Peer 1: 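Quick one: this structure, given as structure tokens, is what I'll be asking you about.
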Amino acid sequence: MTGCATVSRTGCRLSAVSCVGRYANAQEALQHLPGQRPDVVLMDINLPGMSGIECVRRLKESLPETNILMLTVYEEPDKIFASLKAGASGYMLKRTPGRN
């Protein structure tokens, strides 16, 4: 089973993986993730305080083997490029319609 952590203002529900942590902001993620050593991190761009892009840059210094996927609503090429340049492994758009 893959260990996964999410860093998102809204959280994330996953059923096929074990979620080892959920953090509402980059500072919490930077504090806890290096000790948890997840295989995959789902990272939002728009976090309170430090951006998800800057968090990726800092996490990759201590977790170079961890795959970080940006999971966001932003489709702008500059945000995609900045995320990948910071060390993100991929970029997925949130396009799920809201619940009724």
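Computed from a predicted model, the values in this text were never measured in an experiment.
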Peer 1: Assigning hydrophobic clusters by single linkage (Ile, Leu, Val, Met, Phe, Trp, Tyr; side-chain heavy-atom cutoff under 4.5 Å), is F81 placed with V73?
Peer 2: no
Peer 1: Listing request: all ring pair (Phe, Tyr, Trp, His ring centres under 6.0 Å) pairs with a residue in residues 29-52, at least two apart in sequence or in separate chains.
Peer 2: Y23-H32
Peer 1: Of all heavy-atom pairs between R37 and P34, which one has the smallest distance, and what is that distance?
Peer 2: CG-O, 3.2 Å
Peer 1: Measuring from M70:CE to K94:NZ, what's the distance to the nearest 0.5 Å?
Peer 2: 10.0 Å
Peer 1: Suppose we screen for side-chain hydrogen bond (donor to acceptor under 3.5 Å, both in side chains). Which residues come up paired with S89, at least two apart in sequence or across chains?
Peer 2: N67
Peer 1: Which pair of non-hydrogen atoms, one from P38 and one from L33, has the smallest distance, and what is that distance?
Peer 2: CD-O, 3.6 Å
Peer 1: Roughly how far, to the nearest 0.5 Å, is the OG atom of S62 from the CG atom of L30?
Peer 2: 7.5 Å
Peer 1: Any idea which heavy atoms bring A24 and L47 closest together, and the distance?
Peer 2: O-CD2, 4.2 Å
Peer 1: Please find the pair of heavy atoms, one from C55 and one from A29, that lie closest to each other, and give the distance.
Peer 2: SG-CB, 4.2 Å
Peer 1: Looking only at heavy atoms, what is the nearest atom pair of M43 and L59, with distance?
Peer 2: CE-CD1, 3.7 Å
Peer 1: About how many Å separate CG of D44 and CD1 of I53, when rounded to the nearest 0.5 Å?
Peer 2: 10.5 Å
Peer 1: Measure from the side-chain N and O atoms of Q36 to the backbone N and O of G21, and report whether any donor-acceptor pair falls under 3.5 Å.
Peer 2: no
Peer 1: Who pairs with E75 by side-chain contact (heavy atoms from CB on, under 4.5 Å), at least two apart in sequence or on another chain?
Peer 2: L93, R95
Peer 1: Run the side-chain contact (heavy atoms from CB on, under 4.5 Å) test against K60 and tell me which residues pass, sequence neighbours left out.
Peer 2: V56, I68
Peer 1: How far does CG of L42 sit from OG1 of T72, to the nearest 0.5 angstrom?
Peer 2: 12.0 Å
Peer 1: Can you sort out the partners of E76 under side-chain contact (heavy atoms from CB on, under 4.5 Å), two or more places apart, ordered by chain and number?
Peer 2: Y74, D78, K79
Peer 1: Write out all pairs satisfying side chain to side chain donor-acceptor pair (under 3.5 Å) with one or both partners inside residues 50-59, taking only residues at least two apart or from two chains.
Peer 2: E54-R57, E54-R58
